[in-house]
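One structure below.
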Amino acid sequence: MKSHIKIAALLLLTGMFSCKDNLEESPYSSLSKEVVFKDEDGLNQATIGVYHAYTAPDFGDISNRFSLTETGHRYATAGILGSGADPYYRFGHNATSPAFESVWSRFYKIIFRANVVIDNATRAVPGEEEEADPYIAEARVLRAYAYFNLVRFFGGVPLILKEINSLADEDLIFAPRATDVEVYDAIIADLIFAETRLPDSRGGAELGRVSAGTVKALLGKVYLQMAGKPLNRTENYQKAIDVFSQLVGPVNEEKYDFELLPDFTDVFSLDNERNREIVLSFGYFINSSQPNGNILPFNLFPSGLVNGDEQTNYGLLYSFYQLYEKTDQRRDFTLVPRYVFQGTARGNAQTGDSIIYNPTIGNYVIKRTNASFAHDDFKYGIAYGKLARVPRPAGAAVQGYSADMIEMRFPDVLLSLAEALNETGKSAEALPLVNRVRARAKATPYRAATVADMRAAIRKERRLELTGEFNTVFDIRRWGTLKEEIAAMSEDQIVDNILIPYTERLEIYPIPQSQIDANPNLRQNDGW
């Protein structure tokens with residue numbers, strides 16, 4: 001851990017970024033804190049630097065975070081080119097598996113940068129501390145979201161809430177693990193601080209920055225997570241209701257500038273980014289400081305969907321596709337059952353060929369030749385497609401797509417509120433919230449009556465609406481259904497590997513072994 005903190009500390013002291021419209025960043029040369037925080041403009045630039053830390057060019061960890069949140073369940077399987085999500089989708093990971101180190105490092109870099117803003121904001125506006133509060137609030141929200149991800153991945157982690165100024169700060173550099181509860185308490189404290197210090201919504205050049213609406217949505221989600229496993233603080237269901245209810249309904253949605261867009265696919269259009277359905281997202285711009293962009297279309301789209309060289313390494317079983325009704329707009333946008341091949345000939349396909357998924361053989365088939373596309377030596381799933389289906393910008397790297405990273409949408413608020421209401425016995429109040437999401441998708445409304453029926457409906461709907469959006473594994477852990485998920489899996493969906501049976505240790509990921517080795521005060525999770 002010490003080596004990573006050394007690097008992060010130096011980056012924090014020198015790597016600040018300027019702000020253009022809609023949070024587009026360009027790099028500054030190295031600047032000292034005294035220069036950066038000399039006035040409010042510098043403070044603003046430093047705050048934008050915290051956002052930038054979520055999208056910095058070391059893009060591989062974004063793909064790893066997708067694997068860790070979206071592949072460990074009954075419907076996950078290999079993609080056309082095999083399973084780049086191995087070993088995580090079959091639970092064969094260990095403490096040295098590389099995804100853990102990459103996501104750990106990303107979130108701590110964000111935390112370190114946020115701490116610099118929080119601890120130095122008042123330098124920029126001496127004697128006018130209230131002027132600094134909105135910037136501190138933004139940094140605390142972004143820090144809270146980083147810790148929210150870390151605690152859901154790894155459980156209790158080192159809680160570093162002050163700026164690291166030098167290598168002499170060994171109490172921070174070698175911080176021990178906090179408990180889960182201590183991490184959640186820090187997250188809540190950050191969000192409550194920010195809730196009253198940010199505008200209700202954002203617009204114009206500030207579109208994309210966190211708002212009071214964003215904070216309330218995140219706070220409700222934190223309470224909902226705490227109400228489930230492993231903490232089982234069921235009193236937090238009511239706290240979640242109290243917060244989420246402030247965002248839902250015509251008056252509240254107008255106040256915080258949220259809505260369900262009429263058309264599901266419009267939510268993900270590049271021409272409509274940061275629309276009113278987006279609660280939290282981070283911008284990806286293909287420019288000189290960010291040449292790599294958003295790697296997910298490259299790693300997830302079926303080969304030839306938009307460019308011809310996509311490296312599809314993740315799929316979903318046909319049984320997941322069958323969960324959707326034929327009328328459901330989400331079905332053929334979340335998944336790609338058929339498409340027209342684009343780009344240079346590949347896998348026996350030519351430009352213009354129709355590629356169709358055949359569930360009987362578990363492969364895509366080229367309609368012109370009836371031959372399997374790319375592979376026929378293993379079964380692979382239907383590719384994921386819930387992103388803007390447009391080619392990458394001219395001159396970009398092969399993985400350089402510009403689609404924003406959507407972290408939370410308003411349907412998550414509606415379904416989370418429905419879940420909290422149902423778990424407190426208010427199924428009748430939960431039902432219209434779920435059906436509102438289904439109505440937008442043109443799916444048949446549910447008629448669930450009992451708490452158990454409504455629980456099943458909500459859990460199914462979260463998968464249909466939110467799959468691929470960094471929720472699935474966290475939901476499974478919160479519900480305590482991982483054992484059921486693994487029991488529902490088959491070795492048929494595992495490429496050249498054996499499915500690992502359920503053990504309790506799989507309920508949480510291991511702390512990266514590199515961090516255990518570097519920090520004598522860290523303790524590994526049980527069983528790892």
Side-chain angles (χ1 to χ4, degrees), residues 15 17-28 48-49 51-66 79-81 84 106 205 207-208 263 265-275 278 281-314 332-336 338-355 364 366 373-374 383-407 468-469:
F17 296 83
S18 69
C19 176
K20 296 182 179 180
D21 287 352
N22 288 338
L23 303 186
E24 186 170 0
E25 299 93 17
S26 60
Y28 260 64
I48 295 300
Y51 288 91
H52 183 268
Y54 273 95
T55 62
D58 48 339
F59 58 85
D61 61 329
I62 303 300
S63 182
N64 285 327
R65 183 156 71 100
F66 185 93
I80 293 170
L81 298 182
R106 165 79 73 168
L207 191 63
D263 189 304
T265 62
D266 285 348
V267 178
F268 304 91
S269 169
L270 292 187
D271 296 327
N272 201 28
E273 292 190 312
R274 303 194 177 102
N275 57 71
I278 305 303
S281 67
F282 296 106
Y284 278 77
F285 308 94
I286 304 298
N287 58 28
S288 59
S289 67
Q290 180 62 290
N292 293 311
N294 182 344
I295 195 175
L296 291 186
F298 179 71
N299 275 354
L300 299 175
F301 282 168
S303 297
L305 181 65
V306 293
N307 273 102
D309 53 6
E310 296 87 346
Q311 301 290 313
T312 318
N313 58 26
Y314 166 76
D332 291 347
F333 191 74
T334 300
L335 300 159
V336 188
R338 61 178 63 222
Y339 64 101
V340 176
F341 187 87
Q342 306 292 327
T344 305
R346 186 178 190 182
N348 300 318
Q350 300 175 8
T351 301
D353 275 345
S354 293
I355 311 294
Y364 283 99
I366 304 166
F373 176 58
Y384 180 84
K386 194 168 49 173
L387 295 155
R389 298 183 185 183
V390 296
R392 58 180 172 263
V398 292
Q399 70 280 349
Y401 294 78
S402 289
D404 283 356
M405 191 71 67
I406 297 173
E407 304 279 343
E469 299 181 46

Not counting sequence neighbours, which residues clear side-chain contact (heavy atoms from CB on, under 4.5 Å) with A383? List them please. P302, T312, Y364
Given Y284 and M405, is the side chain to side chain contact (heavy atoms under 4.5 Å, CB included) satisfied, shown in steps? CA-CA 7 Å; Y284 278 77; M405 191 71 67; 3.6 Å; yes
Does a side-chain N-to-carboxylate-O contact under 4.0 Å join R392 and E310? no
Residues in ring-ring contact (aromatic ring centres under 6.0 Å, His included) contact with F298, at least two apart in sequence or another chain: none
Roughly how far, to the nearest 0.5 Å, is the CD atom of E469 from the CZ atom of F268? 5.0 Å
Min side-chain heavy-atom separation I62-L296 under 4.5 Å: yes
Separation between CD of E273 and CD1 of I406, rounded to the nearest 0.5 Å: 7.5 Å
For A349 and F373, work out which heavy atoms get closest and say how close. CB-CE1, 3.6 Å
Test item: V398 and N307 side chains (from C-beta on) under 4.5 Å apart, heavy atoms: no
Sequence neighbours excluded, which residues qualify as side-chain contact (heavy atoms from CB on, under 4.5 Å) partners of N64? A99, S102, V103
For Q342, check side-chain contact (heavy atoms from CB on, under 4.5 Å) against everything at least two apart and list the hits. V340
Where the side chain of R389 meets the backbone of F333, is there a donor-acceptor pair that is under 3.5 Å apart? yes
Separation between OH of Y314 and CG of N299, rounded to the nearest 0.5 Å: 12.5 Å
Kindly determine whether D309 and T344 satisfy side chain to side chain contact (heavy atoms under 4.5 Å, CB included), including the steps that lead there. CA-CA 8 Å; D309 53 6; T344 305; over 6 Å; no
Would you say the side chain of N294 lies within less than 4.5 Å of the side chain of D404, judging by non-hydrogen atoms? no
Determine whether a donor-acceptor pair (N or O, by modelled atom type, separation under 3.5 Å) exists between the side chain of R274 and the backbone of S281. no
Check for a donor-acceptor pair, side chain of D263 on one end and backbone N or O of T265 on the other, with a separation under 3.5 Å. yes
Would you call V306 and Y401 a side-chain contact if the rule is heavy atoms closer than 4.5 Å? yes
Pairs satisfying salt bridge (charged side-chain N to carboxylate O under 4.0 Å, His left out), at least one member in residues 339-351, at least two apart: none
Side chain to side chain contact (heavy atoms under 4.5 Å, CB included) evaluation trace for V336 with L305: CA-CA 9 Å; V336 188; L305 181 65; 4.0 Å; yes
Working to the nearest 0.5 angstrom, can you tell me the gap between S63 OG and L300 CG? 7.0 Å
Holding to side-chain contact (heavy atoms from CB on, under 4.5 Å), I want the full list of residues that pass it with S269, two or more places apart in sequence or in another chain. D271, N272
Whether Y339 side chain and S303 backbone form a donor-acceptor pair below 3.5 Å: yes
Closest non-hydrogen contact found for G283 with T55 is O-CG2, 3.4 Å
Given side chains that start at C-beta, do those of Y384 and T334 come closer than 4.5 Å, heavy atoms only? yes
